[in-house]
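Down below is the structure, laid out as C-alpha cells.
Note that these values count all heavy atoms, side chains included, but never hydrogens, waters or copies made by symmetry. Source: prediction; values computed, not measured. Counting convention: from 1, in listed order, for ligands and their atoms alike.
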Amino acid sequence: MLQRMPVFRTIEAHKEEIAATLAEVVPGVERTLMVELLADAFVESFTGSVRDGNLNGLIEWVDRMCDVHAETPGVATFFSRVCPAFESYLANHGYDQAYCAPLRALDGPIHEAAEKPRRAARTSDGKLNLVDAAINSMLVRLDGADPLTAEHSRAVAAWCSRLARRLTLSDEMVSFVARCGMIHDIGKVTTPTHILHAPRQLTDEEWAFMRDHTVQGDLIVRADPSLLQFAPMVRGHHERLDGRGYPDKIGGDEIALATRIVTVADCFNAMIGRRPYRPPMSPARALEQLDKNKGTQFDPDVAAAMHDVVREIEAAKAEPATDA
Ligand SMILES: [Fe+2]
Ligand SMILES: [Fe+2]
C-alpha cells in the first residue's frame, strides 16, 4: 500500500490535457481513437489509484486491456511507454513530485504487461466480456473477503434481473441492473468481518464502518475504468426516496432507476435471508415491509414489481412438474 496523497486535485483539473499528451507516445498512424480513449482512462484510473493508495487495480486493468486489444495497433506501444512519459510531463510542468513514486512503481509491471505475448482472443462482443471479466474479478475478491456477502450479491443480482424484466426494461438494462446487483456490496471487502457478522445490533461506531461500504465500494469500482458506469449504483444503493438514506442523502429522481431496483432487491433478499441476529422472514412478510416503506424508502413501482415476481415464482413452484 502506498501512502495516501492529498495532491490528486492538481492532476484532476488537467486530466484531458495530460491524456492528450500521453497519447502522443504512440506514433501518428497508430494513434487511433482507442489509444486516445485508453489514455483518458489511464489518467482517470491513475488519479483514483493514487488517491486510494492502491495501484494493483490499475495494473490488472492494463493487463486486461492488453488482452482485449491484442490486435489493436498502438495499444501495447502506448502502455509500454506511458509511465516514463507521464513522469517527465509532470516534472516539466511543475506538478507535485509525489506523483513520481507511484509512476516508477507502475512502470515495471505495466511495461511487462505491454510486452507480454498475447494470443488475440477476438470475441463478437469484446466490450461486454471485458465488463464481465472485471465483475468476475470483483466477485472473486468478495468471495475471498466474505463468502456470505458474495452469496448475497449473486442472489441480489438474480432479483435485480427479475425485477428489471418485470418492469419491461430493455435487455441491455436488465443485464446492466443485474451487474449492479452483483457488485453493489463490493465495498464490504473493507468492512471488518466481526462487524459484518456481529450476532447483535451494531453500536453507533460499528454502524459508521458498515455505512462506509457504499463510499469504499464507489472508490473500488472507480479504480477500474471498465466499471465506471456502475459506480453511482454501488454508492447509492442505501439511499432512500425521502432523502434519509446514506451516504449522500439524495432522494426522489436523483436516485437512478437502476439504483432503486438494486435497493429493493437488496433489502428483500436481506429480509428473507438469514442474519446473525434474527431468523429469516417469510417472503410474504418481507413484501409487507416493502409496502410499509414504499414512497419513503422504496420506489413504489419497484416494490409492486417485487409482488409480481414473488407471485410468479410461487405459481411456478405450485405447477406440477411435467418432465420425468
Ligand atoms: Fe449494502
Ligand atoms: Fe447488500
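Remark: the backbone N or O of I255 is paired with a side-chain donor or acceptor of R260 at under 3.5 angstrom. Side-chain atoms of D52 do not come within 3.5 Å of backbone N or O of N54 as any donor-acceptor pair.
Summary: NE2 is the N/O/S atom of H184 found nearest to the Fe ion (ligand 2). Within D185, the N, O or S atom at minimum distance from the Fe ion (ligand 2) carries the name OD2. For D266, the N/O/S atom at the shortest distance from the Fe ion (ligand 2) is named OD1.
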Derivation of the salt bridge (Lys or Arg N to Asp or Glu O under 4.0 Å) call for D107 and R104:
CA-CA 5 Å; D107 188 30; R104 275 183 219 130; over 6 Å; no

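Checked against a 6.0 Å centroid threshold, the rings of H213 and H184 do not count as neighbours.
One of the N, O or S atoms belonging to H237 lies under 2.8 Å away from the Fe ion (ligand 1).
Annotation for E16: atom CD does not count as buried by contact number, only 12 or fewer foreign heavy atoms lying within 6.0 Å.
Rounding to 10°, one obtains 90° for the angle at the Fe ion (ligand 1) between NE2 (H238) and NE2 (H213).
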